[in-house]
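One structure is given below, encoded as structure tokens.
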Amino acid sequence: MKRQTASHKQTGGGESWRMGIFAGKGLLLLLAGTVIGTVLLTLVYMLPVNPQNRKTSYDTLEEEGWYPRAAVISRSMDTHFHSYLPDVLDDSTDGIMLRTALDSSEGNPLVRAMKGHNATMGDYSYYWHGYVVLLRPFMLLFDFTELRIANCAVQLILLLILAFIIGREKGLRYVLMLLTSYMLMAPIAMPLSFQFSWVYYVAYVGAIILLKKYSYFAKEARYVFIFMALGMATSFLDLLTYPLFTWGFPLIWWIVMDRTDQKAGFWVKRVVTSGFGWIAGYAGMWIMKWALATVILGHNIFESAINEVFLRSGMQGGGLLSDRLSAIYINWKHYEYKVYAIILLLWLVWWLGCLLVRGGHRGSKCCSYLLIGASSIVWYFVLSDHTSGHHFFTYRIFGVSVLAFLAIVLGSIPEAGVRIEMSFRKRLLLCGVYLVTGVVAILPVYLTREEFTVLNGYEQFTQFPMEKDDILEAEFSPTFDKLLSFNIGLQSTGDTGYCELTLWEGDIPKYQERFPLEDFGDSNYQLKGVTWELDHKTTYRLTVEAKDTEETIYVWVTDNGAMTLTEYGALSIDGVRVEGQLLTGITYWYMPVSKWRRLFLVMTWIGVLITIEYVLWSQLGNRSS
């Protein structure tokens with residue numbers, strides 16, 4: 001017994017020693033990455049700037065505006081910023097990158113590297129801005145347009161290399177899986193916007209290295225270090241676009257290509273350990289930049305960086321559960337775009353058909369895929385503020401979930417020419433499962449609610465003066481039952497008193513809101529968050545009245561027939577009938593209005609539920625066997 005105890009202690013000590021060595025190697029990798037990144041940034045800031053290429057590049061960005069569309073050659077400032085169009089470019093952030101890379105201010109290059117200064121943002125110290133290492137030397141030879149062309153070529157080359165590796169080992173179906181993933185990332189926009197490109201490069205290069213050197217990284221858990229390096233590279237290059245993709249994309253392909261027969265726990269362990277490695281590299285590289293910049297610049301970078309973390313995570317706004325769930329929903333709505341939705345629908349129908357006709361086999365990898373796919377939802381949930389405000393590019397994080405779904409699909413279907421025998425009873429049971437799942441998938445769609453805004457504020461309007469005790473009155477019939485905000489056009493010459501907005505049900509005031517004149521400032525649109533529960537079949541009376549003020553208040557009324565809202569009936573000011581409508585924006589809280597969106601959400605829930613059902617069936621079967 002004593003010998004066994006001593007042996008146990010020795011084994012435990014050896015295990016602790018190995019873990020210590022492992023952690024030490026990770027720390028050395030982090031330190032090496034920090035030194036290399038700092039040296040490279042310092043060196044490139046010693047390079048001169050080509051003034052002609054800089055001018056041409058700035059002119060291009062100025063001509064296109066902040067958020068143009070790749071498929072529509074037109075100038076756009078912020079028209080497309082919150083749109084769900086797949087081809088929106090981020091010229092605004094590309095401009096920040098170029099101005100950082102082409103900064104020609106004087107001073108110590110190491111200090112400049114730590115500052116990350118640009119004319120738009122000033123000192124941008126909590127990011128690494130590692131893209132400068134690539135952009136600054138290349139901009140000596142090329143302008144922005146020429147680099148876009150090169151970017152297109154390099155991204156396509158990486159896609160073809162990875163497709164060749166996958167096709168040689170796994171066949172055409174898995175190449176189609178890769179191409180689907182690529183198409184759903186909006187390839188028309190990716191190479192034209194450097195903001196979207198850095199994560200692509202890290203993810204694809206990482207996947208190619210992992211697959212080419214599979215055996216090497218599989219030994220002694222070396223894969224943890226490459227995922228740590230991928231996290232570090234992401235932190236170094238990226239400005240918080242869709243960083244999780246650099247973990248999920250290479251990891252899924254690495255698991256897909258592994259032909260060894262292992263149990264589910266083995267693959268789950270790889271997901272967890274690679275995830276810890278990636279997080280250690282990603283977060284560690286951030287912290288190293290904050291520490292370096294604090295020492296070199298002589299002021300606390302941690303304070304502004306941590307404030308930014310709280311802001312991006314939504315903690316400063318209270319971190320409401322509804323806001324976090326909304327972030328998930330807003331980002332997923334990008335896949336409602338018809339081309340994307342049809343591609344996903346075809347995969348879903350093909351999968352269900354194959355399971356019914358050819359049968360499906362239980363896979364040990366499906367749990368790991370499901371875990372990877374769920375990571376996107378966790379990211380949106382945690383960083384809700386950032387992913388809600390920048391969903392036009394953060395939606396690509398869901399590319400991890402889509403790829404994980406496709407991996408489950410292809411992993412469940414037998415190889416070509418193979419057919420699993422199924423009795424008629426089992427096929428009938430599977431049809432019943434499909435039917436029940438379809439019915440269940442309809443229920444959450446009817447529970448789904450989203451913001452729906454109507455407004456008449458883009459047309460010509462007239463300003464009507466209102467003195468103290470004057471009353472604007474209008475008939476009001478809401479389109480939906482719940483209102484979240486009410487936005488009206490009001491302007492004042494003073495800052496004492498308030499405007500009182502009252503919603504009447506008959507002669508009884510149902511809701512009353514006040515707009516203090518002191519809050520007007522230079523704004524002509526006055527927004528009030530409300531929680532009005534109404535009946536869309538009822539016609540109410542809406543009044544706006546100037547209170548406790550001697551100043552003139554101007555009410556904005558649209559010209560007659562301009563962008564009329566169905567909410568409004570007759571309008572009068574102090575008893576005098578006025579043509580037109582109160583200039584208004586109304587936000588409702590209602591189930592999705594679009595039938596296409598409701599159909600898309602039903603399809604989504606069918607896919608989610610069938611995937612979960614398959615994973616449960618697969619794992620229960622593996623345990624019983």
Distance-only donor-acceptor check, side chains Ser105 and Asp103, under 3.5 Å: yes
- prompt: Within 45° of the axis and under 6.0 Å from the centre of the six-membered ring of Tyr58, does NZ or CZ of Arg99 qualify?
  reply: yes
field: Residue list, salt bridge (Lys or Arg N to Asp or Glu O under 4.0 Å) with Glu450, at least two apart or on another chain
entry: Lys333, Arg597
field: Thr584 and Tyr568: CA distance, side-chain angles, deciding distance, side-chain hydrogen bond (donor to acceptor under 3.5 Å, both in side chains) verdict
entry: CA-CA 10 Å; Thr584 308; Tyr568 284 121; 2.7 Å; yes
message: Between Arg396 and Asp90, does any NZ, NE, NH1 or NH2 come within less than 4.0 Å of an OD or OE carboxylate oxygen?
response: no
task: Please work out which of the three classes, parallel, tilted or perpendicular, describes the rings of Tyr588 and Phe480, given edges at 30° and 60°.
output: perpendicular
message: With a 4.5 Å cut-off on side-chain heavy atoms, are Leu403 and Phe249 touching?
response: yes
- request: Please check if the side chain of Lys289 supplies one atom and the backbone of His129 the other of a donor-acceptor pair under 3.5 Å.
  value: no
message: In this structure, is the centre-to-centre distance between the rings of Phe464 and Trp556 below 6.0 Å?
response: no
message: Is it the case that over 12 heavy atoms from other parts of the model lie below 6.0 angstrom from the CZ atom of Phe302?
response: yes
Backbone N/O of Gly497 and side chain of Thr549: donor-acceptor pair under 3.5 Å: no
task: Compute the ring centroids of Tyr395 and Trp332, then answer whether they are less than 6.0 Å apart.
output: no
- prompt: Is there a donor-acceptor contact under 3.5 Å linking the side chains of Thr387 and Thr394?
  reply: no
field: Whether Thr294 side chain and Trp290 backbone form a donor-acceptor pair below 3.5 Å
entry: yes
- prompt: What's the shortest heavy-atom distance between Pro191 and Asn151, and which atoms?
  reply: O-ND2, 2.9 Å
message: Looking only at the side chains, is there a donor atom on one of Asp559 and Thr462 sitting less than 3.5 Å from an acceptor on the other?
response: yes
field: Residue pair Asn331 / His391, side-chain donor-acceptor N/O under 3.5 Å
entry: no
message: Whether the side chain of Gln512 engages the backbone of Thr502 through a donor-acceptor N/O pair (distance < 3.5 Å, no angle test) should be reported.
response: no
message: Check this for me: does any side-chain nitrogen of one of Arg541 and Glu475 sit under 4.0 Å from a carboxylate oxygen of the other?
response: no
- request: Flag this pair as yes if the NZ/CZ of Lys528 is under 6.0 angstrom from the six-membered ring centre of Phe515 and inside a 45 degree cone about the axis; otherwise no.
  value: yes
query: So does Glu613 have more than 12 non-hydrogen atoms from other groups sitting under 6.0 Å from CD?
result: yes
message: Under a 3.5 Å cutoff, is there a donor and acceptor pairing between the side chains of Gln195 and Thr241?
response: no
message: Before we go on, tell me: are the rings of Tyr380 and Tyr329 under 6.0 Å apart, centre to centre?
response: no
task: For the residue pair Asp143 and Thr56, confirm or rule out a side-chain donor-acceptor distance under 3.5 Å.
output: no
query: Do Tyr127 and Leu240 come within less than 4.5 Å of each other through their side chains, counting heavy atoms only?
result: yes
field: Quiz item: cation-pi between Lys482 and Trp532, 6.0 Å / 45°
entry: no
message: My understanding is that only residues two or more places apart in sequence, or in another chain, count here; which of them pass side-chain contact (heavy atoms from CB on, under 4.5 Å) with Asp470?
response: Met466, Glu467, Asp574
- request: Could you tell me if the ring centre of Trp198 sits under 6.0 Å from that of Tyr242?
  value: no
Pair Trp589-Glu533, side-chain donor/acceptor within less than 3.5 Å: no
Donor-acceptor side-chain pairing of Thr538 and Glu505 below 3.5 angstrom: no
message: Closer than 3.5 angstrom, by distance alone: can the side chain of Arg598 be matched with the main-chain N or O of Pro592 as a donor-acceptor pair?
response: yes
message: Is any side-chain heavy atom of Thr566 closer than 4.5 Å to one of Thr479?
response: yes
query: Who passes salt bridge (Lys or Arg N to Asp or Glu O under 4.0 Å) against Arg514, sequence neighbours left out?
result: Glu500
Ring geometry between Tyr340 and Tyr335 (parallel below 30°, tilted from 30 to 60°, perpendicular above 60°): tilted
- prompt: Taking atom types as modelled, is there a side-chain donor on Arg324 or Ser388 under 3.5 Å from an acceptor on the other?
  reply: no
- prompt: Is there side-chain contact between Leu98 and Phe194, with at least one heavy-atom pair below 4.5 Å?
  reply: no
message: Centre-to-centre under 6.0 Å for Tyr124 and Tyr126, is that the case here?
response: yes
field: Side-chain donor/acceptor of Ser193 to backbone N/O of Ala189, under 3.5 Å
entry: no
field: Heavy-atom side-chain contact between Asp548 and Thr496 under 4.5 Å
entry: no
message: Quick one, Leu483 and Thr587 - any side-chain contact, counting heavy atoms below 4.5 Å?
response: no
message: Is a donor from one side chain sitting under 3.5 angstrom from an acceptor on the other, for Thr558 and Asn456?
response: no
message: Is any side-chain heavy atom of Thr234 closer than 4.5 Å to one of Phe245?
response: no
- prompt: Are His390 and Phe392 close enough that their ring centers fall under 6.0 Å?
  reply: no
Close side-chain approach of Leu192 and Asp87, heavy atoms under 4.5 Å: no
